[in-house]
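Labels below follow one simple rule: chain letters A, B, ... track the order of the sequence lines, proteins then strands, and each chain is numbered from 1.
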Protein chains: 2
Amino acid sequence: MTEKTAGIRDVAAHAGVSQTTVSHVLNATPHTRVSEDTAARVRAAAEELGYRPNRLARGLRTQASDMIGLVTEEIATTPHAGRIILGAQEEASRRNLTLAIINSVLNPEPEVDAAQIQAFLDRQVDGIIYATVYHDVIVAPENLRSRPAALIGARDSAGAIPAVLPDERAGAAAVVEMLARAGHRRIAFAASAEDVPATRGRLLGYLDGMQAAGLPSDDLVAAGTADARGGYRASLELLDRFPTAVFCYNDRMAVGAYRAAGERGLVIPADLSIVGFDDQAPIPDSLFPTLTTVSLPHYEMGAWAVSKLADLIHGKDEETLLAEHPTVLACPVVERESVAPPRLGSPE
Amino acid sequence: MTEKTAGIRDVAAHAGVSQTTVSHVLNATPHTRVSEDTAARVRAAAEELGYRPNRLARGLRTQASDMIGLVTEEIATTPHAGRIILGAQEEASRRNLTLAIINSVLNPEPEVDAAQIQAFLDRQVDGIIYATVYHDVIVAPENLRSRPAALIGARDSAGAIPAVLPDERAGAAAVVEMLARAGHRRIAFAASAEDVPATRGRLLGYLDGMQAAGLPSDDLVAAGTADARGGYRASLELLDRFPTAVFCYNDRMAVGAYRAAGERGLVIPADLSIVGFDDQAPIPDSLFPTLTTVSLPHYEMGAWAVSKLADLIHGKDEETLLAEHPTVLACPVVERESVAPPRLGSPE
DNA sequence: CTGAAAGCGCTTACAG
DNA sequence: CTGAAAGCGCTTACAG
């Protein structure tokens, strides 16, 4: 099954040159001149033998494995993790790097994470990405510091590791301003009762957006659990105050908001506009009408982490890199069908 | 940042023994006797220096990288891929193997897949898993044969690669039989119009279940697109024939079925029971009432593939392994709130 | 019970 | 322009 594959020695013999020359030609080693004639012979031999350099051997010699380790927290429970992995993997491929992954659980005991990371270090990974669901600040495992590292979805308590976060606050403000531009004045917010950074960021963004549009927000906020049931209950409460639009903390709450609207005989979007947050497949496209929402830059964060790591590995000045710390990526509004101007017309 | 780490040579010097002895002690090499005294000294030295074997170097020497490559097709678009990855990763960790991943696109051009796989081969992976969304038979990339391999979600046209598939037919039959046991006789099926194996398997399973329960299925099948809209339309059509339960091809169609039921003034599950397929988060828990459905063994298939590969790598007889080809894993029913006995009572 | 030596497949000063 | 030799950090016959 695993038939003997050609090594650099075979190529050298076949081309009638030394291993050194083969290496120089195939790697286009700088500051090295090889006659075009010899080079052609080497390439022909490599081609003919189907030679592929053994990257384990190369790594051992160059002390660079060209592997990046990605530790994802709870890939199982967060449906978004897939896009982080995808972004990281594609960026890695572009750079001829290989991505290895390990799943982790949210800091059950610090030693567990440390062990996972150690497994990567044993493999001589060139860098490590530690991806969490959105946390404010985490205490990075000690041994994460022994290699170039990047954090997704959290900042390091020591502030020493480059990090990337979604700009949820600006995304929330943007969708509120979009509603305001559509003519809405009474825009309610179905907030989350969970104590996580996203709760604060999205609420703050809602307030920012209302303020930017010169709209009052008193009495237009109600909180619920961050699921369909919580969205249903919060929306019922909110609908008593006659908003023309409801912005939900997340798409799952928006599912509940749709139901609440239906019970009150409100047609979306004619009688009530609804927007969500997360762009969590398959919710937005499964709803009638489809849900306008705000998306999280998971793919982009994954790709960002790999580029940052590549820069770090190749010795770009870390001082400069940390200056912009933490990096924040936009959460774009994804327009679908659940928003329309309010029925009563523009209030001006 | 990357301070010099201790090597086996350092441990040997520190313990006053040879590298050979250190290796023997730390690896517990069979057929080798080392005095307990010496062994203790070696372990103490290793501990003190924080020695970790370099697995790149070990791999080069032993010709085993202890890495497994996972090629996933369209991890981006299938929300389930995450669980395949998780299953594979956790099983790999249990076996002290590392999982590297590459995303692929559904056979855009065969060369692309081959290149992805080549990247893994260059890394000397010990085995490769090729995971697809559910296909009947695929033509495996040529170079997949050069190492132990396993297929998830498809069979190889040559039938030479161990494969694992979900038993969708049996899962569908099981949920239909469950409905029959609850007293339903008119169980409709909202089928998919897509031409994929799952379409056939689930329909066949429905028919199996109806037959096993001695129920007629004429006129109780309607097809639609495999999304909420298609489920809505198919259900509307089906409801004209007064079923007491609707089994939907997938959870997204079930979303549409809920809406159709709502429009007809039917309360779920009192007036109408609905079940889906896929257990696709976050749908089942977002619906009112929560959706009883059938889950796909993604985690199990990922784990299965890694174990199979490990067996192959360690030389278990491939003949035996292929005998059971392809392996089929159960799709268990996940009971939630959307099923109840029919209003009109048992028909007997 | 222990160790000297070879070698996995590469890259890279260094010499010519 | 080209090559001989060392060495990355391990494991493993083999010898004693």
Side-chain angles (χ1 to χ4, degrees), chain A residues 2-43 45-46 49-67 96 121-126, chain B residues 2-43 45-46 49-67 96 121-126:
Chain A
T2 314
E3 64 266 17
K4 193 71 187 165
T5 157
I8 194 172
R9 189 158 33 201
D10 303 308
V11 177
H14 200 267
V17 299
S18 69
Q19 292 187 34
T20 304
T21 301
V22 173
S23 178
H24 284 336
V25 171
L26 266 23
N27 294 318
T29 314
H31 312 305
T32 298
R33 295 251 53 89
V34 177
S35 76
E36 193 36 62
D37 204 58
T38 309
R41 255 190 7 262
V42 168
R43 278 189 278 264
L49 299 177
Y51 171 67
R52 302 286 316 180
N54 178 328
R55 299 194 68 178
L56 237 51
R58 172 188 290 175
L60 180 60
R61 175 59 228 240
T62 62
Q63 303 286 55
S65 64
D66 287 345
M67 292 216 327
N96 198 20
L121 297 177
D122 291 350
R123 300 257 176 210
Q124 314 298 118
V125 296
D126 293 337
Chain B
T2 315
E3 65 266 16
K4 195 65 184 168
T5 153
I8 194 173
R9 188 157 33 200
D10 303 309
V11 177
H14 201 266
V17 299
S18 69
Q19 291 187 33
T20 304
T21 300
V22 174
S23 178
H24 285 334
V25 171
L26 267 23
N27 295 318
T29 314
H31 312 304
T32 299
R33 297 250 54 89
V34 177
S35 76
E36 193 35 61
D37 203 58
T38 309
R41 261 200 349 272
V42 168
R43 279 189 277 266
L49 300 177
Y51 171 68
R52 303 287 315 181
N54 178 330
R55 300 194 67 177
L56 237 49
R58 170 188 293 174
L60 180 62
R61 174 60 227 242
T62 61
Q63 303 287 57
S65 64
D66 287 345
M67 292 217 326
N96 197 20
L121 297 177
D122 292 351
R123 300 261 176 204
Q124 314 299 115
V125 295
D126 294 337

Under the side chain to side chain contact (heavy atoms under 4.5 Å, CB included) test, which residues partner Leu60(A), sequence neighbours left out? Asn54(B), Ala57(B), Leu60(B)
Nearest-Å distance, CD1 (Ile8(B)) to P (dT2(C))? 15 Å
Rounding to a whole Å, what distance do you find between Asp10(B):CG and dC8(D):P? 11 Å
What distance separates Thr21(A) OG1 from Ile8(A) CD1, expressed to the nearest 0.5 Å? 9.5 Å
What pairs with Ser35(A) under side chain to side chain donor-acceptor pair (under 3.5 Å), at least two apart in sequence or on another chain? Thr38(A)
Results of side chain to side chain contact (heavy atoms under 4.5 Å, CB included) for Ala12(A) - residues two or more places apart only: Gln19(A), Val22(A)
Hey, where does DNA chain C pair up into stems, meaning at least three consecutive Watson-Crick or G-U pairs with distances under 3.5 Å? C:1-3 with D:14-16, C:5-12 with D:5-12, C:14-16 with D:1-3
In chain order, what residues pass the side chain to side chain contact (heavy atoms under 4.5 Å, CB included) check against Ala39(A), with sequence neighbours excluded? Val25(A), Val34(A), Glu36(A), Arg43(A)
Looking at dT2(D), I'd like to know if its phosphate oxygens (OP1 or OP2) sit under 4.0 Å from a side-chain N or O belonging to Ser35(A). yes
For dT2(D), does either OP1 or OP2 sit under 4.0 Å from a side-chain N or O belonging to Thr38(A)? yes
Run the side chain to side chain donor-acceptor pair (under 3.5 Å) test against Thr29(B) and tell me which residues pass, sequence neighbours left out. His24(B)
Just how far, in rounded Å, is P of dC10(D) from NE2 of His24(B)? 15 Å
Got a sec? Which of residues 52-60 of chain B come in under 4.0 Å of DNA chain D, heavy atoms? Arg52(B), Pro53(B), Asn54(B), Ala57(B), Arg58(B)
Just verifying a value: how many Å separate Gln63(A) CD and Asp126(A) CG, rounded to the nearest 0.5 Å? 10.0 Å
Tell me which pairs pass salt bridge (Lys or Arg N to Asp or Glu O under 4.0 Å) where either residue lies in residues 5-14 of chain B, with sequence neighbours left out. none
Members of residues 12-20 of chain A that approach DNA chain C, where some heavy atom sits under 4.0 Å away: Gln19(A), Thr20(A)
Taking salt bridge (Lys or Arg N to Asp or Glu O under 4.0 Å) as the definition, give me every residue that meets it alongside Arg61(A), ordered by chain and number, with sequence neighbours left out. none
Specify the separation, in whole Å, of atom CG of Asp66(B) and atom P of dC10(D). 15 Å
Give the rounded distance in Å between these two atoms: CD of Gln63(A) and P of dT12(C). 11 Å
Please name all residues satisfying side chain to side chain donor-acceptor pair (under 3.5 Å) with Arg123(A), sequence neighbours left out, ordered by chain then number. Thr98(B)
Distance, rounded to the nearest Å, where Asp122(B) contributes CG and dG9(C) contributes P: 14 Å
Closest of dT2(C), dT11(C), dG9(C) to the Arg61(A) side chain is dT11(C)
In whole angstroms, the gap separating P of dG9(D) from CD of Gln124(A) amounts to 9 Å
When rounded to whole Å, the OH to P distance for the pair Tyr51(A) and dG9(C) reads 10 Å
Between atom CG of Asp66(B) and atom CG of Asp122(A), what is the distance when rounded to the nearest 0.5 Å? 11.5 Å
Sequence neighbours excluded, which residues qualify as side chain to side chain donor-acceptor pair (under 3.5 Å) partners of Ser23(A)? Asn27(A)
Residue whose nearest DNA chain C nucleotide is more 5′ - Arg33(B) or Thr62(A): Arg33(B)
